[in-house]
Protein chains: 2
Amino acid sequence: MGAKGLTKEIIVAEAVSCIENTGQPTVSLHELARRLGIKTPSLYNHIKNTKELQYEIFQYAIAQFVANQRDATEGKQKDEAVRAFAHAYYTFATEHRGLYRLIMSIPSEEDERAKEMALPLLDTVVAILADYGLSEESVAHWQRVFRAILHGFISQEDLGYFYYYDAVDLKKSRAIAVDCFLDGLHAGIQRETGIKHENQADV
Amino acid sequence: MGAKGLTKEIIVAEAVSCIENTGQPTVSLHELARRLGIKTPSLYNHIKNTKELQYEIFQYAIAQFVANQRDATEGKQKDEAVRAFAHAYYTFATEHRGLYRLIMSIPSEEDERAKEMALPLLDTVVAILADYGLSEESVAHWQRVFRAILHGFISQEDLGYFYYYDAVDLKKSRAIAVDCFLDGLHAGIQRETGIKHENQADV
DNA sequence: ATTATGAGACTAATACTATTAGTTTGTCAA
DNA sequence: TTGACAAACTAATAGTATTAGTCTCATAAT
């Protein structure tokens with residue numbers, strides 16, 4: 001046939017749209033082709049394989065997520081920035097469930113390419129934590145802890161592993177989780193520097 | 001042919017063995033049949049479908065995980081129990097990667113059956129937290145936070161999302177994460193009861 | 001001892017997935 | 001006008017799960 005004006009970008013956009021709609025991190029090539037009005041194998045004129053397509057969507061998702069985090073924490077510092085980051089993180093993960101799932105299902109230890117693409121995910125949180133005056137090593141540790149809490153919370157909630165309680169209680173649990181991180185961080189800083197942090201909540 | 005003495009239990013055991021070996025949370029029926037010396041469709045004489053098989057393995061994994069946690073924390077209380085639990089949790093997740101992944105990939109909100117099977121996962125941690133004298137609601141919140149940290153940490157590590165540092169540093173990050181939880185918990189208890197907890201680490 | 005029944009194996013076939021090979025066609029440029 | 005490439009197509013392969021229907025062996029009943 002020839003030109004329908006189809007490009008890799010259009011395919012990726014359609015895949016993203018699909019993922020956003022379904023909340024699933026994947027789309028079958030069949031479904032994707034159907035939506036684009038072509039037959040499945042024709043997709044291979046524009047993409048190498050599903051893995052490559054996944055990478056493209058992954059990159060898009062990362063960019064969105066990072067931009068969202070940057071915007072949410074811009075101009076904020078320390079505890080306020082931490083809270084804003086946590087809120088933005090949670091909001092993105094729930095409003096873009098499929099994209100978040102994709103981000104959290106792609107990389108594995110061996111996949112250097114995915115790892116590299118995901119590196120920007122660290123920037124904002126590292127900047128926020130560095131602002132507390134922590135050593136570089138401590139920042140590395142605490143960004144792990146922070147991101148572990150955020151992802152762990154969303155993941156468990158997503159999996160249905162929180163049981164019993166409704167949305168209101170979940171909100172409170174989230175607040176407690178963030179407070180827990182901040183309390184732990186303040187205590188950690190105090191141990192490291194011997195100084196009680198001025199921004200510590202003292203309720 | 002007739003009786004080879006094959007049972008559902010043998011199939012599940014073989015699947016578990018496979019999962020333990022590969023670290024993957026799934027086994028294909030083809031591979032499973034090959035290992036058992038039968039043809040794929042013959043499996044359906046003993047199992048309903050892959051979903052059912054998954055449930056069986058899921059149940060086994062949960063039981064192992066729970067027993068492991070109980071053993072590890074038996075006779076321990078408060079911070080010591082929390083640390084022991086965290087250690088056991090991490091050890092199980094890394095030594096039984098496939099089973100842990102399975103546990104963390106099965107349930108979703110709609111799946112009431114899986115949810116119910118997973119409930120025992122709460123018992124040990126709830127018992128430990130209840131011992132701090134928290135209200136029932138607080139226990140519910142804090143078990144979420146605790147399990148979120150534990151799973152978040154393992155998940156991020158498993159995904160390769162921790163970057164930069166080697167195994168030694170990871171160990172330190174884990175210790176910081178657990179300390180962070182305890183500091184946060186102590187602070188939370190202090191807020192709730194007005195009493196500084198006697199077991200609080202004061203390094 | 002013979003036979004009948006049923007559990008549990010088998011083969012064959014269907015319906016999804018991704019992917020490759022090879023063919024056709026439409027458009028644009030020489 | 002024509003030639004060539006891009007990009008569509010059809011056809012086929014291979015790996016998943018699953019169902020239908022067949023065959024056979026071991027055991028239980030006559």
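Every chain is numbered from 1, with letters handed out A, B, ... down the list of sequences. Source: prediction; values computed, not measured.
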With the sugar-phosphate defined as primed atoms, P, OP1 and OP2, and the base as all remaining atoms, what B/S/- string results for nucleotides 18-23 of chain C, 5' to 3', for protein heavy atoms under 4.0 Å?
SBB---
Calculate the interatomic distance between L53(B) atom CG and dT16(D) atom P; express it in whole Å.
15 Å
Give a yes/no on whether any side-chain N or O of K39(B) is located under 4.0 angstrom from OP1 or OP2 of dT11(C).
yes
Any carboxylate oxygen within less than 4.0 angstrom of a Lys/Arg side-chain nitrogen, looking at R83(A) and D179(A)?
yes
Mind jotting down which residue pairs meet the side-chain hydrogen bond (donor to acceptor under 3.5 Å, both in side chains) criterion with at least one end in residues 43-57 of chain A? Sequence neighbours excluded, please.
K8(A)-E56(A), E52(A)-R113(A), Y55(A)-D111(A)
Between L36(A) (CG) and dC9(D) (C1'), how many Å, whole number?
16 Å
Ring pair (Phe, Tyr, Trp, His ring centres under 6.0 Å) against F65(B), all qualifying residues, sequence neighbours excluded
Y89(B), F92(B), Y100(B)
Side-chain donor/acceptor pairs under 3.5 Å, residues 10-29 of chain B, sequence neighbours excluded:
from   : atom 1 : to      : atom 2 : distance (Å)
E14(B) : OE2    : R35(B)  : NH1    : 2.7
E20(B) : OE1    : H96(B)  : ND1    : 3.0
E20(B) : OE2    : H96(B)  : ND1    : 3.0
N21(B) : ND2    : S17(B)  : O      : 3.3
T22(B) : OG1    : C18(B)  : O      : 3.1
T22(B) : OG1    : Q24(B)  : N      : 3.0
Q24(B) : OE1    : R101(B) : NH1    : 3.4
S28(B) : OG     : E31(B)  : N      : 3.0

Of all pairs that satisfy salt bridge (Lys or Arg N to Asp or Glu O under 4.0 Å), the ones with a partner from residues 58-71 of chain A, not counting sequence neighbours
none
Sorted by chain and number, sequence neighbours left out, ring pair (Phe, Tyr, Trp, His ring centres under 6.0 Å) with F153(B) holds for F162(B)
Separation of dC23(D) atom C1' from I38(B) atom CD1, nearest Å, is 16 Å
Spacing between I11(B) atom CD1 and dG8(C) atom C1', to the nearest angstrom
11 Å
With a 4.0 Å limit, can you tell me whether S42(B) has a side-chain N or O closer than that to the phosphate oxygens OP1/OP2 of dG8(C)?
no
Round to the nearest Å and state the distance from E52(B) atom CD to dA17(D) atom P.
15 Å
Output yes when at least one side-chain N/O atom of H46(A) is less than 4.0 Å from OP1 or OP2 of dA6(D), else no.
no
note: L6(B), atom CG; dC25(D), atom C1'; distance rounded to Å ~ 16 Å
